Every structure is written in C-alpha cells, then in structure tokens.
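Every value quoted in this text rests on a predicted model; they were computed, and no experiment measured them. Numbered from 1 within each chain, the chains take letters A, B, ... in sequence-line order.
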Amino acid sequence: MSTAPNPTDLVFQALASQPRRQMIDLVIQSPGCSVNDLCEHFEFSRIAVMKHLKVLVEARLILSRKQGRTRQLFFNAAPIQMIYDRWTGEYSRFWVTQAVDLKYKVEGKSGSGKRPAQRKQAKNKKSRSRKTQSVTRVRKTAKRKAKEK
Amino acid sequence: MNAKTHTQSNTDAPPTTTQVSQVTIKAPIQQVWDTLTQEGKVLPFFFGTVMHTTSLGPGAPIRMRTPNGKYTGVVGDILEFEPPHKYSMTFKFTNFDDGVCKVTHELREIDGGTEYTLTSEAIPVGTKTEKNMKQGGEIITKTLKACVETGKPTVMARFIMVMSKLMAFTTPKQCLSENWPMDRKTPLEGSY
C-alpha cells in the first residue's frame, strides 16, 4: 500500500540541499529561465541538475511549463508561505519581524523583502521628513520668541 | 541568463516578466470556480472589491470596484472563459500608468482537491505594477484557498479590507468609477 508523501515533508526535503536552494535563487532572479540556463551555473552534469529539479517540482517550489520545445521554470512561494503561516501567529509575526529586521540591520543584510537600495531610499525619505520637522520646529520657536518680545 | 526579459518579443518593447503562484485547494473544482467568478459580491481574495461585468465571456469588460461602487481599482477585458478550468483577462491598475498585463486563472482537478494556478504575464519590469502583482499574487492564492476551505478569509485579507475602507479618501481621482465606464476600452497600448 503506497501513501502519498506529505507536502510539508517534500518542501523540507527539497530545501535541505545547497544546490537546490541555489537553483531556487536562480529561478527567482530569472523567472521563466530554461533548464539549460540553470545548467550553466553548476559544475555537475545536466542529469544531476534534472534530478534536483525534479525534487523541487514535486515539492511545488518550482513550476515547470512547456513552451514550444523547451521548459520555462518559475518559483512558487505558496508552499513556503504555508509553512510560515503554520508556525507563526499574528502577534509573533509582528515581533519576530522586528527582531529579524534588527538582526539584518546590525549584520548589514537586507531584510523584510526590501532590497538595500529600497531601504536606502526609505531611509532618505525618513531623514528628509525629520529635517522638515526640525525646520518647522525652529520657525515656531522663532515666532514664539518674537511674540514674547 | 537574462530571463527578466524572457517574454520580450520586440527589442524596442520595455522588458516584462511573468509571475506564477500555485496552491492546492481541498474542494471540488466547481466550488472553486464558482467562488472565483462571483459577480456583484465582495470578494476578499480580490482585496474586498466587487466584480462588475456585462457578461462572463470572451470580450466582456471587467471592472473591479469598491463595494460602494465609487472607485475602480482594476480594469480589463476577458480573453478566455472556459468553465470550470480557465479564465484569463487583460489587467490594468487604474492608479498606475503602466502597461497592460495578462492574468490567467487555471483550475485542474487533482487527487483530494483542485490545483489553482495564477499566472501574471507581460508585467512591466521595475514598475509599481510589478511590485503590486508580486504581493497580490501571493495574497490572492492564499485567501482564495482560505475562503473555499474554511468559508472565511485570512486575518491579513480582513485587515486589508478594513484598511481599504478607512483609507478610501486617499484614493486618487483617476480611480473614480465615472472614469472607467463599462464601454471604455482598456488601453491596449501597453506591454500586453
């Protein structure tokens, strides 16, 4: 009697390999790439790439679509999202994000799905608004002093 | 490897990309299809908007409007309508001046349920549309699964619906429904 494998097991098995994680990174970077494109990044054979890819497809982390004579590869974030949802509540989600963001900030890595450029942009925006606030404060103080005189 | 531009057919055209989200829903295919294509009802998986159309069939216009009908967030025309398996449409956010994309909803019967795939094609790279499509795709698949399986949307979807109502006054004037009547053709000069 054969039982269908647990989808969560398949995801963890698929992610428990460095080359497979690298494959996911490459597909995210280049959605719609082909198997040949992936092979260029690995020293091992095409057959080995195909075997790793099969594991990722079975876990539904990679979706493979036939386009003419080739296959296009896409990343599917849904299985990872399901795992995230299973073990994080609405409150822990908020606090964990804060803690992880602090870790990224201290270590100089990007977090919260924001690229370093976006974070820099957000930071500039924030500092601009702070500058505006301080200018307004100085003007108000000057007005108050003028009235007092 | 430069697949960011893999969908680009013309070298002069702006680069476009494709995003795919897939999820398994523990429900019969017809139930998923009926939930997905409900007219005149608030759809939590489409961010609390209501689908307006003249008829559900190829060529018909689609307008995703707020429950009070004042604003229209998304406009498009149906391209393919094959119940209960496939439904595709052109897609444009009314608040952005980006190109028109193509969105396809596909359903497939599998053991123990239905496989739902959401594909967004011809998304102009580096635009606000790209960012919204990426976040939206994940929320749509997750919320549709929750709605069909449990009968209620996720906490995140409910939060988005409440926030949309509260922040309605910040919606740009170009999103007013009077600017997007049913007979106005979706601008097709975009990427799609």
Side-chain angles (χ1 to χ4, degrees), chain A residues 2-8 10-11 23 25-42 56-57 59-65 67-68 70-86 88-94 112-115 117-118 121, chain B residues 1-9 15-26 45 101 104 106 108 110-123 125-126 128 130-146 149-150 153-160:
Chain A
S2 67
T3 52
N6 183 305
T8 311
L10 291 176
V11 176
M23 281 180 187
D25 288 337
L26 291 165
V27 174
I28 290 172
Q29 198 187 326
S30 308
C33 64
S34 66
V35 179
N36 283 343
D37 293 330
L38 277 190
C39 288
E40 286 171 15
H41 292 79
F42 297 96
L56 290 168
V57 170
R60 292 172 188 268
L61 288 166
I62 296 287
L63 304 176
S64 171
R65 293 188 156 186
Q67 182 76 28
T70 58
R71 284 199 164 268
Q72 288 187 330
L73 306 173
F74 296 97
F75 170 63
N76 180 29
I80 294 175
Q81 183 72 48
M82 299 291 167
I83 290 170
Y84 176 78
D85 289 344
R86 180 174 168 171
T88 48
E90 291 306 315
Y91 296 100
S92 69
R93 195 168 295 178
F94 174 76
S112 304
K114 282 180 185 170
R115 289 189 290 273
Q118 280 176 309
Q121 227 174 21
Chain B
M1 185 162 71
N2 182 16
K4 273 269 176 188
T5 56
H6 73 278
T7 50
Q8 190 176 319
S9 54
T16 59
T17 190
T18 300
Q19 288 166 7
V20 189
S21 271
Q22 191 182 75
V23 81
T24 304
I25 302 173
K26 290 174 199 156
F45 43 89
C101 315
T104 307
E106 282 168 291
R108 192 168 69 93
I110 55 164
D111 270 353
T114 306
E115 183 186 85
Y116 167 64
T117 311
L118 174 68
T119 309
S120 312
E121 295 166 79
I123 307 165
V125 173
K128 285 184 180 173
E130 185 191 12
K131 196 179 162 194
N132 278 26
M133 288 295 236
K134 192 179 178 193
Q135 290 168 344
E138 286 164 20
I139 294 171
I140 290 169
T141 44
K142 210 170 93 175
T143 314
L144 178 66
K145 180 178 166 71
E149 287 181 356
T150 67
T154 57
V155 175
M156 172 59 87
R158 276 180 272 164
F159 176 74
I160 291 172

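- Taking both residues in full, the closest heavy atoms of B:Thr17 and A:Pro31 are given as OG1-CG, 3.3 Å, listed atom of the first, atom of the second, then distance.
- Counting all heavy atoms, side chain and backbone alike, A:Leu63 lies closest to B:Gln22 at CD2-OE1, 3.2 Å.
- Ion pairing between A:Arg65 and B:Glu121 fails under the 4.0 Å rule for side-chain N and carboxylate O.
- For A:Ser64, the side-chain contact (heavy atoms from CB on, under 4.5 Å) partners two or more places apart in sequence, or in a different chain, are A:Val57, A:Arg71, A:Leu73.
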* To do: Decide yes or no on side chain to side chain contact (heavy atoms under 4.5 Å, CB included) for B:Val23 and A:Gln81, but give the supporting numbers first.
  => CA-CA 10 Å; B:Val23 81; A:Gln81 183 72 48; over 6 Å; no
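- Neither the backbone nor the side chain of B:Thr141 comes within contact range of chain A; no heavy atoms are under 4.5 Å apart.
- Note that CZ of A:Phe74 is 10.0 Å distant from CD of B:Gln19, once rounded to the nearest 0.5 Å.
- Only the side chain of B:Glu138 comes within less than 4.5 Å of a heavy atom of chain A; its backbone N, CA, C and O stay farther away.
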